Novice: 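One structure coming up, written as structure tokens, with questions to follow.
All of these numbers come straight from a predicted model, not from anything done at the bench.
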Amino acid sequence: MSAAVDWWESEKFTATRTGPVVVQFTTETCALCPDATLKIDAVAKTHYFEWHIDNAFSSTLAEELEVHALPAILVFHSVDKHKVYEKLRGDDVTRILHAECPPRLVLDAEF
């Protein structure tokens, strides 16, 4: 019989990384989720984070964190510093990720 494992002990949260872990909760029927995905992808080009996508219908993590309104993301820095953001609209995703994730040094810009 194996011992129960807390969600933050999952490999996606314990692996070595630069920046926080961002888990996007989505479903195929979520009308606003594709826009959230595009915004996360855009921020991934300028900020450090490890991005994972979970289906909110089948995710035990979504159940454990009581995710009820999509689009939703979990930003995980540590066991003591994490937050779930739900019902994201407009520029919420971009604003949250810019505030929570360290910027990348981008050297391909023209001067």
Novice: Evaluate the ring planes of His82 and Trp7, with Trp represented by its six-membered ring, and classify them as parallel (under 30°), tilted (30 to 60°) or perpendicular (over 60°).
Specialist: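 Perpendicular.
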Novice: Near Tyr48 OH, under 6.0 Å, is it more than 12 heavy atoms from other residues, nucleotides or ligands?
Specialist: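 Above 12, so yes.
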Novice: So how far is it from Leu105 CG to Thr46 OG1, rounded to the nearest 0.5 Å?
Specialist: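 Nearest 0.5 Å value for the CG-OG1 distance: 12.0 Å.
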Novice: Do Asn55 and Thr27 come close enough that some side-chain heavy atom pair is under 4.5 Å?
Specialist: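 Yes, at least one pair of side-chain atoms sits under 4.5 Å.
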Novice: Once rounded to the nearest 0.5 Å, what's the spacing between atom CD of Glu63 and atom OG of Ser58?
Specialist: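 The distance works out to 10.5 Å.
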Novice: Is any side-chain heavy atom of Phe57 less than 4.5 Å from a side-chain heavy atom of Thr26?
Specialist: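 In short, these two side chains do not touch, never coming nearer than 4.5 Å.
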Novice: When you measure from the side chain of Lys39 to the backbone of Gly90, do you find a donor-acceptor pair of N or O atoms at a distance under 3.5 Å?
Specialist: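 Yes, because the side chain of Lys39 sits within donor-acceptor range (under 3.5 Å) of the backbone of Gly90.
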Novice: Please check if the side chain of Ser78 supplies one atom and the backbone of Lys81 the other of a donor-acceptor pair under 3.5 Å.
Specialist: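 The answer is yes, because a donor-acceptor pair under 3.5 Å joins these two groups.
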Novice: Where do Cys101 and Pro20 come nearest, in terms of heavy atoms and distance?
Specialist: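 Of all heavy-atom pairs spanning Cys101 and Pro20, the closest is SG-CG, 3.6 Å.
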Novice: Say whether, by atom type as modelled, one donor and one acceptor occur between the side chain of Arg17 and the main chain of Glu50 under 3.5 angstrom.
Specialist: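 Between the backbone of Glu50 and the side chain of Arg17 there is no qualifying donor-acceptor contact (under 3.5 Å).
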Novice: Heavy-atom distance under 4.5 Å between the side chains of Leu74 and Leu61, does that happen here?
Specialist: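 Result yes, sub-4.5 Å side-chain heavy-atom pair found.
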Novice: Looking at every non-hydrogen atom in both residues, tell me the closest pair between Ser59 and Phe25 and how far apart they are.
Specialist: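 That closest heavy-atom pairing would be OG-CE2, 3.9 Å.
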Novice: Under 4.5 Å between side-chain heavy atoms, counting indirect links through other Ile/Leu/Val/Met/Phe/Trp/Tyr residues: same cluster for Leu65 and Leu88 or not?
Specialist: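 Each belongs to a different hydrophobic cluster.
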Novice: Return yes if a side-chain donor-acceptor contact under 3.5 Å exists between His77 and Glu100, otherwise no.
Specialist: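 There is such a pair (donor and acceptor under 3.5 Å, judged by atom type) between the side chains of His77 and Glu100.
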Novice: Taking atom NZ of Lys45 and atom CD1 of Ile40, what is their separation to the nearest 0.5 Å?
Specialist: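 Going from NZ on Lys45 over to CD1 on Ile40, the span is 12.5 Å.
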Novice: Is there side-chain contact between Phe49 and Val43, with at least one heavy-atom pair below 4.5 Å?
Specialist: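 Counting from C-beta outward, Phe49 and Val43 do come under 4.5 Å.
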Novice: Is the closest basic N to carboxylate O distance between Asp92 and Arg89 below 4.0 Å?
Specialist: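 No.
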Novice: Heavy-atom distance under 4.5 Å between the side chains of Leu70 and Lys87, does that happen here?
Specialist: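 No; the side chains remain at least 4.5 Å from each other.
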Novice: Side-chain contact test, heavy atoms from C-beta onward, threshold under 4.5 Å: evaluate it for Tyr85 versus Val75 and give yes or no.
Specialist: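 Yes; the side chains approach each other to less than 4.5 Å.
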Novice: Ile96 vs Lys83, test: side chain to side chain contact (heavy atoms under 4.5 Å, CB included). Steps then yes/no.
Specialist: CA-CA 11 Å; Ile96 290 164; Lys83 185 170 181 177; over 6 Å; no
Novice: Please answer whether the main-chain N or O of Ile73 pairs with a side-chain N or O of Gln24 as donor and acceptor at a distance below 3.5 Å.
Specialist: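 Not at all, since once roles are kept as given, no pair shorter than 3.5 Å links the two residues.
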Novice: Is the shortest heavy-atom distance from the side chain of Glu66 to the side chain of Val84 under 4.5 Å?
Specialist: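 Glu66 does not reach Val84 side chain to side chain.
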Novice: Of the non-hydrogen atoms in Val79 and Trp8, which two are nearest, and what is the gap between them?
Specialist: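 In this case the closest contact between Val79 and Trp8 is CG2-CD1, 3.2 Å.
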Novice: Tell me whether Asp54 contacts the main-chain N or O of Ala56 through its side chain, where contact means a donor paired with an acceptor under 3.5 Å.
Specialist: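 Not confirmed, Asp54 side chain does not pair with Ala56 backbone.
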Novice: Report yes if the side chains of Glu86 and Val67 come closer than 4.5 Å at any heavy-atom pair, otherwise no.
Specialist: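 Yes; the side chains approach each other to less than 4.5 Å.
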